[in-house]
Amino acid sequence: MEGMTGKEILNLIDWLKKQGFDNDKIVECIEAVEGKKPENNTEDED
């Protein structure tokens, strides 16, 4: 299976921003989707 294209990632970023995600959360989301970060990350306790 191939990764997302640049255009797909940009579309995802736009959608996440519309959902209220800030830049840090967008980066975490993309890293989790790519498997670079555990999905249940509790470092960030707001």
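Heavy-atom basis, side chains included; hydrogens, waters and symmetry copies ignored.
- Hydrophobic clustering, defined by side-chain heavy atoms of Ile, Leu, Val, Met, Phe, Trp and Tyr closer than 4.5 Å, groups Ile26 together with Met4, Ile9, Leu12, Ile13, Trp15, Leu16, Phe21, Ile30.
- In terms of the side chain to side chain contact (heavy atoms under 4.5 Å, CB included) criterion, residue partners of Asp22 (sequence neighbours excluded) are, by chain and number, Asp24, Lys25.
- Lys18 is linked by a side chain to side chain contact (heavy atoms under 4.5 Å, CB included) to nothing, counting only residues two or more places apart in sequence or in another chain.
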